[in-house]
Amino acid sequence: MASQTQQHRSRVLIIGAGFSGMGMAIQLLKAGRPDFVILEKADEVGGTWRENTYPGCACDVPSHMYSFSFEPNPGWSELWSGQAEIFDYLRGLADKYGLRAKTHFGRTVDGGYWDEAENRWHVRTEEGDEYVAQYLVAGVGALHVPNVPDLPGMGDFGGVAFHSARWDHDYDLTGKRVAVIGTGASAVQFVPEIVDAVAELQLYQRTPAWVVPRKNLSIGTRLRRVFDLVPPVRRAFRNGIYWASESLAIGLNGHSNLMRPLEKIAKKNIARSIADPVLRRKLTPEYRIGCKRILGSSDYYPALAKPNVEIITEGIERVTESGIVAGDGAVREADAIIFATGFHVTDGFDSVNLAGVGGRELVPYWNEHGIQTHLGITVAGYPNAFFLLGPNTGLGHNSVVFMIEQQIRYVLAAMALVDGSAAEAVAVRPEVQDRFNEDIQAKLSRGVWTNGGCNSWYLDAKGVNRTIWPGFTWQYWLRTRRLAPSDFELVGTAAATA
Ligand code: N01
């Protein structure tokens, strides 16, 4: 129920209580800046790890790396932990730092504007509240608006249908004929989990994924004790994972021939499980590995080889009341349709449609001119507004939590710059932002994400890569390590015009 309209004021307003927002909140507390509010649309913290609960959901980045360096968890039970354990980690952080008391749950941000007279952000929520803050930090994530394709006839379907990020746990798949649409990271994880329960699994594949073998490793209690008691060992373990992951960036960044051995390994992964040469060909991608996210599973192809599985590559013509008609006219009855069709990536920013200086709205401007930021963190014309895991800071090879940490440090440095001046705000200079974008787009044009011969969510509708950081993560660390005051204009005092 909508609460009474209220105005809330704080120094900092954080949007989202996932990894980004919580990390920012913790570092604000550590920096002695407790005057902040977190807005969260749901009723619990955790972001993507609260929303994605499909069977087999796990992170494909090792947990010792996919966690905050300042909040290690020596107790991870597996190398690649499952959703429940990551969600527990995040909830534990909320408890430890008292973040729930600072979070306004059930608040969906509807947009906001920069008040140039007051030098404050005003943010509206769908529930009718208004939040006013000097600093705005958006940690909304890129992968949270489910993409459910508008298939002809979908409205007629009489069965159950849901998206992988909205898994219907009340619906028992046992003995059902289940159509799965999509073969990305989500499908590769849940298909092996449901295959034995369902009567039929009809897998609609538009483009095959590169899937390298990967068996999870459980971390035994003895090793966990060592990690707990001897932090340098845990740190060495984490560093090992970090540098091993970084080595992948050499191939992804333009030396794609270096990725050939990985393609061979992935092809062997198919060959080991799939005897039928026609099916093998269907499952073998024709684009370069790394162009789409590289997936890891030793269970996926064995699942596809089961007799109750059919892989349909002829596309989808329409949905009927009782099933799906494929592109070749074949009709398959289905009790349920599961969309593993990913997310509307750039729409994720719609919730932060901010009107900056001169009332310019960010989302229409980006739609017209393309998404541009400085370092994925700040945007010219939007004083004191910061993104965490913003455009062009996603990764195809390492932990985004590492990126978030660098961004948080940068945001704190921007706040310190304001504190050390007579100004109320800072805004990145347009020419600095332009230079940054020219530089990364030039680098991206050499990388496999842009010219690897595939279409992926890394690219926008015009084929421009607005998602991936083209480089090593240590290069990002280097670029964000120190904020250059000369990159920013001071806003809100005589100093701004001096
Ligand atoms: O989504 P995706 P996802 N008709 O966009 C197909 C992270 N993640 O949820 O390739 C038919 O990758 C689409 O086909 P095509 C990770 O960053 C991480 O699986 O576009 N098919 C594709 O096969 C990941 O990259 C983890 O031709 C349609 C699939 O649906 C990101 O989230 C786990 C279609 C979508 O794949 C997204 O992964 C899960 C249509 N109209 C997610 N539209 C781990 O850490 C789309 N498709 C392990």
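For this chain, numbers begin at 1 and follow the sequence in order. In each ligand, atom 1 is the first atom listed, and ligand 1 is the first ligand listed.
Each of the atoms 11 (C), 21 (N) of ligand 1 lies under 4.0 Å from some heavy atom of Ile181. Counting atoms of ligand 1 from 1 in the listed order, those under 4.0 Å from a heavy atom of Gln189 are 33 (C), 48 (C). Those atoms of ligand 1 that come under 4.0 Å of a heavy atom in Lys292, given as number and element, are 10 (O), 15 (P), 20 (O). Under a 4.0 Å criterion applied to the non-hydrogen atoms of Cys59, ligand 1 contributes the atoms 45 (O). Listed by number with element, the atoms of ligand 1 under 4.0 Å from a non-hydrogen atom of Phe343 are 9 (O).
Between Thr183 and ligand 1, a contact under 3.5 Å exists for at least one N or O pair. When only interatomic distances are considered, the shortest N/O to N/O separation between Ala340 and ligand 1 falls below 3.5 Å.
Nearest to atom 8 (N) of ligand 1 among the protein's heavy atoms is Ala185 CB, 3.9 Å. Here the heavy atom of the protein found nearest to atom 6 (C) of ligand 1 is Gly182 CA, 3.7 Å. Considering only non-hydrogen protein atoms, atom 4 (N) of ligand 1 sits nearest to Arg206 NH1, 3.8 Å. Protein heavy atom nearest atom 16 (C) of ligand 1, with residue, atom name and distance: Arg293 CD, 3.4 Å. For atom 32 (O) of ligand 1, the closest non-hydrogen atom on the protein side is Leu143 CD1, 3.4 Å. Here the protein heavy atom with the shortest distance to atom 36 (O) of ligand 1 is Gly184 CA, 3.6 Å. Summary of contacts: the protein heavy atom closest to atom 9 (O) of ligand 1 is Ser186 OG, 2.7 Å. Nearest protein heavy-atom contact of atom 45 (O) of ligand 1 is Asp60 N, 2.9 Å.
Side chain to side chain, Thr467 and Asn465 meet the donor-acceptor criterion of an N or O pair below 3.5 Å. The closest side-chain donor-acceptor pair between Ser77 and Glu85 falls under 3.5 angstrom. The closest side-chain donor-acceptor pair between Gln83 and Tyr54, if any, does not fall under 3.5 angstrom. One side chain, Thr473 or Glu246, offers a donor N or O that lies under 3.5 Å from an acceptor on the other.
With Ala58, Gly394, Pro149, Cys454 as candidates, the residue nearest to atom 41 (N) of ligand 1 on a non-hydrogen basis is Pro149. The heavy atom nearest to atom 5 (O) of ligand 1, considering only Phe339, Tyr458, Trp457, Tyr54, is found in Trp457. When Asn455, Thr341, Leu203, Thr467 are checked for heavy-atom proximity to atom 28 (C) of ligand 1, Thr341 turns out nearest.
Checked against the 6.0 Å centroid criterion, the rings of Trp167 and Phe190 qualify as a close aromatic pair. Taking the six-membered ring for Trp, Tyr66 and Trp49 have ring centres closer than 6.0 Å. Proximity of the aromatic rings of Trp474 and Tyr242 is defined here by a centroid distance below 6.0 angstrom, and this criterion is not met.
Not a single heavy atom of Tyr204 sits closer than 4.0 Å to an atom of ligand 1. Within the 4.0 Å heavy-atom cutoff, Asn147 counts among the residues contacting ligand 1. Residue contacts with ligand 1: Ser164 is excluded, as none of its non-hydrogen atoms falls under 4.0 Å.
Contacts between Thr207 and ligand 1, counted as non-hydrogen atom pairs separated by less than 4.0 Å, involve both the backbone and the side chain. Within the 4.0 Å heavy-atom criterion, neither part of Gln205 lies near ligand 1.
Classification of the Trp366-Phe387 ring pair by plane angle, with boundaries at 30° and 60°, yields tilted. The aromatic rings of Phe436 and Trp469 lie parallel to each other, their planes meeting at an angle below 30°, with 60° marking the opposite boundary.
Under the 3.5 Å distance criterion, the side-chain polar atoms of Thr341 are matched with a main-chain donor or acceptor of Asn147. In this structure, Thr183 contributes its side chain and Val188 its backbone to no donor-acceptor pair below 3.5 Å.
Cation-pi check for Arg206 over Tyr204 is not met; the charged atom does not lie both under 6.0 angstrom from the ring centroid and within 45 degrees of its normal.
With salt bridges taken as basic N to acidic carboxylate O contacts below 4.0 Å, none links Arg332 and Glu200.
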